[in-house]
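The next block holds one structure in the form of structure tokens; read it before the comments.
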Amino acid sequence: MSGIRTPNDDLSDRLNHPAHPRSSQYDARWAVDNQMGPNALWLLEWLAPALGLDTLRPCARVLDLGCGRAMTSIFLAREFHAQVTAADLWIEPDDNARRIAEAGFADRVQAVRAEAHDLPFAEGSFDAIVSIDAYQYFGTDDLYLPTLTRLLKPGGRIGVVVPALRSEPEGLEPPEHLKPWWEPDYWCFHSADWWRRHWTRSGAVEVEAADWQPDGWRDWLLWCEVVAEESPEEFHRTMARRVGEMVRADEGRALGFVRVVGRRR
């Protein structure tokens, strides 16, 4: 299974995380080379217990929405024996299909190109929907969740992990200490309470979890430092350095991650 088991090297030792034992079994070089933001495997491993093994059961049909380079889709297939639809807008399906086949999961993971507002799936197609470091870009729309959860079977779960704020800023300005790095896109970062209210008032799901990851900023900073040194792509090295500076300056006062899980009514 190319790209899965971790070789014994310094990079693997650096990313061998006691809180994420499943992720630590994966090839660290493969994870760095295919990353598109925070460590998606770590975040998915944190999400999985909140989704529950009754949802992530063998042969469960899972939509991985905004899957990037399909690392999370491979993780779902390998760790939970799920049948996964790996949907992304920006990564070519052929590219993801090659990566999936190299990992040995061509029979369990199908790569498709899809835009979050135009998903070509029938109502009730999936037992679960998962989205890691993507949902914040489209899911803040008040009307979005009901249109997405129609793809779930009744009682199916949706679970997301998003970059987040510990609490909502007052007024129109970002936290003062983050102003040197703040981009308009960061206004899609919200608190756990905001996400709970946002999903609850949609009427589409019963919210089962909406919580802040303890010390998530430390994982984020470590990953930024590694990517800034090790990524083969200059764009990702540059972005990791800038985001790492912001996370280091913040020290968990405002920035981190939130997971949200809801069950379709």
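- To the nearest 0.5 Å, the span separating CD on Glu225 from CD on Glu230 amounts to 12.0 Å.
- A salt bridge links Arg237 and Glu234; the closest N-O separation between the charged side-chain nitrogens and carboxylate oxygens is under 4.0 Å.
- Heavy-atom minimum distance, Pro175 versus Pro169: CD-CG, 4.3 Å.
- Ion pairing between a basic and an acidic side chain is recognised when a charged N comes within 4.0 Å of a carboxylate O; Asp127 and Arg57 show such pairing.
- Less than 6.0 angstrom separates the ring centroid of His17 from the ring centroid of Trp42.
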- Message: Assess the residue pair Val258 and Val161 against the criterion (side-chain contact (heavy atoms from CB on, under 4.5 Å)); give the C-alpha distance rounded to whole Å, side-chain angles, the decisive distance to 0.1 Å, and a yes or no.
- Response: CA-CA 6 Å; Val258 160; Val161 179; over 6 Å; no
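- Between Asp215 and Arg218 there is a salt bridge, since a side-chain N of the basic residue sits under 4.0 Å from a carboxylate O of the acidic one.
- For the residue pair Glu233 and Asp33, the shortest heavy atom distance occurs at OE2-O, 4.2 Å.
- Ring geometry for Tyr186 versus Trp182: interplanar angle over 60°, hence perpendicular rather than tilted (30 to 60°).
- No donor-acceptor pair closer than 3.5 Å links the side chain of Trp217 to the backbone N or O of Ala254.
- Using a 4.0 Å cut-off between charged side-chain N and carboxylate O, Arg264 and Glu206 make no salt bridge.
- Using a cut-off of 4.0 Å between Lys/Arg side-chain N and Asp/Glu carboxylate O, Arg259 and Asp211 are scored as salt-bridged.
- A tilted orientation is assigned to the rings of Trp195 and Tyr135, their planes being inclined by 30° to 60°.
- In this structure, Glu168 and Asp193 have side chains that are not in contact, with every pair of non-hydrogen atoms separated by 4.5 Å or more.
- Between Arg263 and Glu208 there is a salt bridge, since a side-chain N of the basic residue sits under 4.0 Å from a carboxylate O of the acidic one.
- The 12-atom threshold is not exceeded at CZ of Arg197, counting heavy atoms of other residues, nucleotides or ligands nearer than 6.0 Å.
- Using a cutoff of 4.0 Å between basic side-chain nitrogens and carboxylate oxygens, Arg98 and Glu102 are scored as salt-bridged.
- In plain terms, the two heavy atoms of Val261 and Trp199 that are nearest each other are C-CZ3, 3.9 Å.
- Residues His117 and Tyr144 are in side-chain contact: their nearest non-hydrogen atoms beyond the backbone lie under 4.5 Å apart.
- Side-chain contact annotation: Asp219 with His20, donor-acceptor N/O pair under 3.5 Å present.
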- Query: Do His190 and Thr140 pass the side-chain contact (heavy atoms from CB on, under 4.5 Å) test, and can you show the C-alpha distance, the side-chain angles, and the key distance before you say yes or no?
  - Reply: CA-CA 9 Å; His190 290 287; Thr140 58; 4.1 Å; yes
- Message: Under the criterion side-chain contact (heavy atoms from CB on, under 4.5 Å), I'd like the reasoning laid out for Phe138 against Ser131: C-alpha separation, chi angles, the key distance, then a yes or no.
- Response: CA-CA 11 Å; Phe138 42 81; Ser131 185; 4.3 Å; yes
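- To the nearest 0.5 Å, atoms CG (Leu41) and CG (Leu15) are separated by 10.5 Å.
- Rounding to the nearest 0.5 Å gives a distance of 8.5 Å between CZ of Arg242 and CH2 of Trp181.
- The main-chain N or O of Leu89 is found under 3.5 Å from a side-chain atom of Arg113 such that the two form a donor-acceptor pair.
- Ion pairing between Glu92 and Arg99 fails under the 4.0 Å rule for side-chain N and carboxylate O.
- For the residue pair Thr85/Gln110, the side-chain donor-acceptor check at 3.5 Å is not satisfied.
- Other residues, nucleotides and ligands place no more than 12 heavy atoms under 6.0 Å from the CG atom of Leu53.
- Separating the CH2 atom in Trp212 from the OG atom in Ser191 is a distance of 9.0 Å, to the nearest 0.5 Å.
- Under a cut-off of 6.0 angstrom, the local environment of CE in Met36 is crowded, with over 12 non-hydrogen atoms contributed by other residues, nucleotides or ligands.
- Between Val160 and Ile129 there is no side-chain heavy-atom pair separated by less than 4.5 Å.
- No side-chain donor-acceptor contact under 3.5 Å links His177 to the backbone of Arg253.
- Looking at Arg29 and Asp9, no side-chain N of the basic residue comes within less than 4.0 Å of a carboxylate O on the acidic one, giving no salt bridge.
- Here the CZ atom belonging to Phe126 is positioned 8.0 Å from the CG atom belonging to Leu119, to the nearest 0.5 angstrom.
- For the pair Ser125 (side chain) and Ala122 (backbone), a donor-acceptor distance under 3.5 Å is present.
- Under the 4.5 Å side-chain heavy-atom criterion for Ile, Leu, Val, Met, Phe, Trp and Tyr, Leu151 and Leu76 are members of distinct hydrophobic clusters.
- Taking every heavy atom of both residues into account, Ala31 and Met71 meet most closely at CA-SD, 3.6 Å.
- For the pair Arg78 and Tyr26, the cation-pi criterion (under 6.0 Å, within 45° of the ring axis) is fulfilled.
- A distance-only check finds no donor-acceptor pair linking the side chain of Glu79 to the backbone of Arg22 [under 3.5 Å].
- Between Lys179 and Glu176 a salt bridge is recorded (basic side-chain N to carboxylate O distance below 4.0 Å).
- Distance alone, capped at 3.5 Å, is enough to place a donor-acceptor pair between the Asp64 side chain and the Ser73 backbone.
- Considering every non-hydrogen atom in both Ala48 and Leu56, the closest pair reads CB-CD1, 4.0 Å.
- By the 4.5 Å heavy-atom criterion applied to side chains, Val112 and Pro93 are not counted as neighbours.
- To the nearest 0.5 Å, atoms CG (Leu222) and CG (Asn39) are separated by 8.5 Å.
- A donor-acceptor pair under 3.5 Å links the side-chain atoms of Gln35 to the main chain of Gly37, judged by distance alone.
- Salt bridge present: Arg201 and Asp142 bring a charged side-chain N and a carboxylate O closer than 4.0 Å.
- Leu152 approaches Gly156 most closely through the heavy-atom pair CD1-O, 3.7 Å.
- Between the side chain of Asn16 and the backbone N or O of Ser12, no donor-acceptor pair lies under 3.5 Å.
- Under a cut-off of 6.0 angstrom, the local environment of CD in Glu170 is sparse, with at most 12 non-hydrogen atoms contributed by other residues, nucleotides or ligands.
- Ion pair Glu123/Arg150 not flagged as a salt bridge, since none of the NZ, NE, NH1 or NH2 atoms sits closer than 4.0 Å to an Asp/Glu carboxylate oxygen.
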